[in-house]
Peer 1: 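I have a structure I would like to understand better, so I am pasting it below and will then ask my questions one at a time.
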Amino acid sequence: MDPIRQSKIENRKIPFKPLPRSFYQAPTLQLAKDLLGTFLVHRSRGVSTIGRIVETEAYLQDDPACHAYRGSTPRTRVMFGPPGHAYLYFIYGMYWCFNVVSAPPGTGEAVLVRALEPIHGIEGMRRRRAGCGKRLSDKALCNGPGKLVIAMGMGPRQNGIDLTKPPLFLAGRAALGPDSFDPRHILTGTRIGINKAAQHPYRFYLRNNPFVSKR
DNA sequence: AGAGCGATGGCCT
DNA sequence: GGCCATCGCTCTA
């Protein structure tokens with residue numbers, strides 16, 4: 001995004017409104033595509049951090065790669081709850097990953113959010129992501145599931161919370177105005193970093209988008 | 001540009 | 001005890 005447009009977005013009063021519960025009632029594979037182009041908004045201590053979703057992965061109940069494949073456990077309990085809630089899990093002893101719970105209660109499915117385009121609160125993102133002391137580029141802030149959780153100021157506290165109201169919610173594709181999204185730009189591929197059921201085309205991302213984790 | 005690898009700790013069998 | 005929906009660094013090209 002060009003710097004002029006960027007500063008306009010940074011300066012405007014935040015008009016973003018939460019999507020309703022009905023948005024999350026689509027089948028999980030459909031929801032994974034519907035989430036592309038929507039805005040993840042986190043309001044914390046009076047400031048908003050916003051990223052636009054550019055890459056997702058679907059995890060289905062009958063899918064061996066899905067955490068819920070073997071049924072509900074203490075960790076996966078929220079995946080079996082109502083759709084439109086946050087599921088965050090701890091991975092590799094270091095990182096948290098953010099999912100949108102989908103499917104009706106009793107069915108354990110979710111969509112992993114893998115990458116965001118930074119939209120608002122970018123300097124805050126850079127501060128939270130600056131572990132090594134180097135200044136990260138905008139492209140490097142949210143191009144991975146562990147990275148975006150850090151950049152957005154999220155963590156285990158958000159596990160299980162309702163995404164249809166602040167402080168953490170999604171806003172529709174039109175939030176920046178009409179024509180800011182073209183569904184024909186959605187590409188499909190295989191999921192990243194898994195071994196089981198690796199052949200399923202359950203990854204979705206935007207063509208030529210510089211903020212996805214991997215082309 | 002891409003392969004290899006260590007860090008690090010919870011979860012589940 | 002093995003696995004893991006990751007990341008950042010180093011080494012080779």
Side-chain angles (χ1 to χ4, degrees), chain A residues 24 27-36 40 51 53-81 83 85-103 107-118 125-160 163 170 187-206 208-215:
Chain A
Y24 300 96
T28 299
L29 286 171
Q30 182 62 46
L31 179 62
K33 288 176 272 195
D34 292 346
L35 285 168
L36 294 174
L40 180 61
I53 297 177
V54 299
E55 179 181 354
T56 61
E57 286 178 359
Y59 287 86
L60 309 186
Q61 173 95 63
D62 64 352
D63 160 16
C66 180
H67 290 170
Y69 179 62
R70 295 179 189 284
S72 182
T73 68
R75 178 176 66 153
T76 62
R77 183 176 45 85
V78 310
M79 289 182 77
F80 289 86
H85 288 246
Y87 166 55
L88 287 97
Y89 65 89
F90 188 59
I91 188 69
Y92 294 115
M94 253 175 292
Y95 301 105
W96 292 85
C97 294
F98 167 68
N99 295 252
V100 175
V101 173
S102 67
T107 301
E109 304 195 343
V111 177
L112 172 69
V113 176
R114 280 198 58 90
L116 303 172
E117 172 183 350
M125 292 185 183
R126 218 184 306 281
R127 209 176 314 120
R128 288 185 286 271
R129 283 273 291 121
C132 46
K134 285 189 298 205
R135 176 186 173 86
L136 294 172
S137 71
D138 288 8
K139 278 197 304 192
L141 293 175
C142 299
N143 61 341
K147 299 177 188 179
L148 72 89
V149 164
I150 295 170
M152 291 292 294
M154 296 162 57
R157 296 177 304 285
Q158 277 81 32
N159 189 36
L163 293 173
L170 269 71
L187 297 184
T188 301
T190 55
R191 295 172 293 184
I192 292 177
I194 62 168
N195 296 301
K196 291 172 286 199
Q199 76 284 5
H200 289 130
Y202 291 167
R203 172 174 178 249
F204 306 97
Y205 59 106
L206 298 180
N208 293 336
N209 188 290
F211 300 95
V212 302
S213 68
K214 189 166 170 281
R215 304 291 182 117

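All heavy atoms count here, side chains included; hydrogens, waters and symmetry mates do not. Quantities reported herein were computed from a predicted structural model and do not represent experimental measurements. Every chain is numbered from 1, with letters handed out A, B, ... down the list of sequences.
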Peer 1: So what does Leu112(A) hit on the nucleic acid, given a heavy-atom distance under 4.0 Å: a base, only sugar-phosphate, or nothing?
Peer 2: base

Peer 1: Could you give the CD1-to-C1' distance, from Ile192(A) to dC4(C), as a whole number of Å?
Peer 2: 16 Å

Peer 1: Under 4.0 Å between any heavy atoms, over every strand shown, what does Lys214(A) touch: base, sugar-phosphate, or nothing? Just pick one.
Peer 2: nothing

Peer 1: From the options Phe98(A), Trp96(A), Tyr95(A), select the one residue that forms a ring-ring contact (aromatic ring centres under 6.0 Å, His included) with Phe90(A).
Peer 2: Trp96(A)

Peer 1: Consider the side chain of Asn195(A), meaning its heavy atoms from C-beta on, and name the nucleotide among dA5(C), dC4(C), dA7(B) that approaches it most closely.
Peer 2: dC4(C)

Peer 1: Within the structure shown, what part of the strands sits under 4.0 Å from Arg75(A) by heavy-atom distance: base, sugar-phosphate, or nothing?
Peer 2: sugar-phosphate

Peer 1: Does the dA7(B) base have a donor-acceptor partner in the side chain of Tyr92(A) within less than 3.5 Å?
Peer 2: no

Peer 1: Tell me: CG of Leu88(A) to P of dG9(B), nearest whole Å?
Peer 2: 19 Å

Peer 1: From CZ of Phe90(A) over to C1' of dC7(C), roughly how many Å is that when rounded to an integer?
Peer 2: 13 Å

Peer 1: What's the OH-P distance between Tyr87(A) and dC11(B), to the nearest Å?
Peer 2: 10 Å

Peer 1: Please classify the nucleic acid contact of Asn99(A) as base, sugar-phosphate, or nothing, using heavy-atom distances under 4.0 Å.
Peer 2: base

Peer 1: For DNA chain C, what is the dot-bracket line, given that a base pair needs Watson-Crick (N1 to N3, plus N6-O4 or O6-N4) or G-U wobble (N1-O2 and O6-N3) geometry with both distances under 3.5 Å, and | means paired with another strand?
Peer 2: ||||.|||||||.

Peer 1: What's the closest nucleotide to the side chain of Lys147(A) if the choices are dA5(C), dC7(C), dC4(C)?
Peer 2: dC7(C)

Peer 1: How many Å lie between CG on Asn159(A) and P on dC11(B), as a whole number?
Peer 2: 11 Å

